[in-house]
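Reviewing the structure listed below.
Quick note: numbers below take in every heavy atom, side chains included, and nothing from hydrogens, waters or symmetry partners. Because the structure is a prediction, the values reported are computed rather than measured.
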Amino acid sequence: MTKFSLDFIGIGPQKTGSTWLHEVLCQHPLILLPQGTKETMFFDRYYDKGLNWYGDYFSKANNKEQKLGEIGPSYYDCEKSIDRIHSLNPKCKIIITIRNPITKAISLHHHHLNKGRVSSVFSEAVIKMPKIITSGHYAQYIPQWMSKFGEEQVKLIFLDDIKANPKQVWLEVCEFLEIDAIDLPDVAHKKINEKKISKYPWLAKIGVEVAIKMREYKMHNLVEKLKKIGLNSIYSGGESRIIPLTDKEYQDLATLYYDDIKFLEQVTSRDLSSWQKQK
């Protein structure tokens with residue numbers, strides 16, 4: 001494939017509703033996402049493999065009206081990804097899903113705990129995996145995308161809105177991507193990525209490492225088949241390993257993210273003061 005471009009990209013960050021966005025966009029006949037996988041990790045991890053390697057994920061493109069895009073949460077806080085995507089298409093539209101950075105940090109901790117990567121103790125986990133905290137610094141990263149692509153090409157979507165009114169969010173996404181809205185897919189109403197914690201973290205970690213290597217060689221279909229025949233059972237049964245945050249830890253996060261919440265209030269004209277109250 002010699003000529004290739006992207007019309008849009010959803011950049012997360014993780015645990016903010018990117019899976020929901022991927023699942024609903026998959027149902028639209030004029031949207032083409034990478035075949036066989038949700039995330040190619042091309043612009044941050046596999047960029048040296050070249051554009052033809054990436055373009056092969058979109059080999060089924062056969063309609064000039066199709067919008068080609070990807071949902072790639074790992075690109076959100078990667079400055080190289082910003083430049084690389086802009087170089088490919090300066091007019092690429094950017095969708096950023098966001099949520100309360102406090103609950104996002106907690107959810108991301110559980111995500112990495114489930115993968116066997118971090119301790120169940122939050123303070124220990126963030127030392128080993130700083131992105132649990134840093135990816136919630138919206139005031140640092142979102143302006144970089146807006147500056148590079150222009151504010152009119154960046155769409156912010158709140159996870160709270162996806163939960164409360166998915167139909168309205170869907171209409172807004174279709175309008176932003178300049179495609180006719182179809183009926184909201186049934187998958188939009190299903191609970192996606194339900195919280196599970198591995199009972200065997202060491203086994204989960206091995207499974208993740210093997211899956212990553214298989215995906216590097218585009219063995220995505222095999223990975224999905226292995227999940228369906230029972231590997232998902234690795235990632236459950238250990239919910240008792242979750243250690244709730246103390247009141248102090250929650251308030252420390254509220255203080256840490258004060259500027260980020262204020263930034264979102266400023267750019268969206270929304271009152272987000274409830275985010276800082278412990279639930």
Quick one, D260 and F263 - any side-chain contact, counting heavy atoms below 4.5 Å? no

Ignoring hydrogens and geometry, is there a side-chain-to-backbone donor-acceptor pair from Q153 to C92 under 3.5 Å? yes

Between S107 and K15, which heavy-atom pair has the shortest distance, and what is it? OG-CE, 3.3 Å

Is a side-chain donor-acceptor pair under 3.5 Å present for K104 with S135? yes

Pairwise side-chain contact, L51 with L88, heavy-atom cut-off 4.5 Å (strictly under): yes

Show me, pair by pair, the donor-acceptor contacts under 3.5 angstrom made by side chains of residues 140-152, not counting sequence neighbours?
residue, atom, partner, partner atom, Å
Q144, NE2, Q140, O, 3.1
W145, NE1, Y76, O, 2.9
K148, NZ, D83, OD1, 3.2

Spacing of F8 atom CZ and L6 atom CG [to the nearest 0.5 Å]: 8.5 Å

Measuring from E65:CD to I179:CD1, what's the distance to the nearest 0.5 Å? 11.5 Å

Nearest 0.5 angstrom please: S120 OG to H110 NE2, how far? 9.5 Å

Verify same cluster id: I132, Y258 (apolar side-chain graph, 4.5 Å): no

I11 and I94, any side-chain heavy atoms less than 4.5 Å apart: yes

Passes salt bridge (charged side-chain N to carboxylate O under 4.0 Å, His left out), K93 versus D7? Steps please. CA-CA 6 Å; K93 295 194 173 185; D7 297 293; over 6 Å; no

Single-linkage hydrophobic cluster, 4.5 Å side-chain cutoff, I127 and L253 together: no

Show your reasoning for whether side-chain contact (heavy atoms from CB on, under 4.5 Å) applies to I133 and L256. CA-CA 9 Å; I133 292 293; L256 179 67; 3.4 Å; yes

Please check if the side chain of R117 supplies one atom and the backbone of H112 the other of a donor-acceptor pair under 3.5 Å. no

Decide if atom CD of Q168 counts as having more than 12 heavy atoms of other residues, nucleotides or ligands within a radius under 6.0 Å. yes

For residues H28 and W170, report the shortest heavy-atom separation together with the two atoms involved. CD2-CZ2, 3.9 Å

Flag for S74-D44: side-chain donor and acceptor within less than 3.5 Å: yes

With a 4.0 Å cut-off on N to O distance, would you call K38 and E70 a salt bridge? no

Work out which heavy atom in K60 is nearest to a heavy atom in Q66; give both atom names and the distance. O-OE1, 4.3 Å

Assess whether a salt bridge exists between D161 and R270, defined as any Lys/Arg side-chain N lying under 4.0 Å from an Asp/Glu carboxylate O. yes

Answer yes if I157 and L171 sit in the same cluster of Ile, Leu, Val, Met, Phe, Trp and Tyr residues linked by side chain heavy atoms under 4.5 Å apart, and no otherwise. no

Go through the steps for L25 and I71 under the test side-chain contact (heavy atoms from CB on, under 4.5 Å), then give the verdict. CA-CA 10 Å; L25 286 173; I71 308 302; 4.0 Å; yes

Least distance between heavy atoms, A125 atom then S119 atom: CB-O, 3.6 Å

How about P166 and L184: do any of their side-chain heavy atoms sit closer than 4.5 Å? yes

Residue pair H22 / C26, side-chain heavy-atom distance below 4.5 Å: yes

Check: T37 side chain, T40 main-chain N or O, donor-acceptor pair, under 3.5 Å: no

Counting only heavy atoms from other residues, nucleotides and ligands, does the tally under 6.0 Å from CG of N63 exceed 12? yes

Could you tell me how the ring of F122 sits relative to the ring of H109: parallel (under 30°), tilted (30 to 60°) or perpendicular (over 60°)? perpendicular

State, yes or no, whether a side-chain contact exists between W20 and V169 at a heavy-atom distance under 4.5 Å. yes

How long is the gap from CG on N100 to CD1 on I106, to the nearest 0.5 Å? 8.0 Å

Quick one: pull up OH in Y75 and CD1 in I96 and give me the separation to the nearest 0.5 Å. 14.5 Å

Looking at every heavy atom in both P13 and T16, which two are closest together, and how far apart are they? O-OG1, 2.5 Å

Let me confirm one number: the CZ-NZ distance from F176 to K155, rounded to the nearest 0.5 Å. 7.5 Å

Would you call the rings of F42 and Y54 parallel, tilted or perpendicular, where under 30° means parallel and over 60° means perpendicular? parallel

Which heavy atom of L33 sits nearest to which heavy atom of F58, and what is that distance? C-CE2, 3.8 Å

So for atom CD, which belongs to Q251, do other residues, nucleotides or ligands contribute more than 12 heavy atoms lying within a distance under 6.0 Å? yes

Carboxylate-amine/guanidinium proximity below 4.0 Å for R99 and D160: no

What I'd like to find out is whether the side chain of V24 reaches to under 4.5 Å of the side chain of Q27, using heavy atoms alone. no

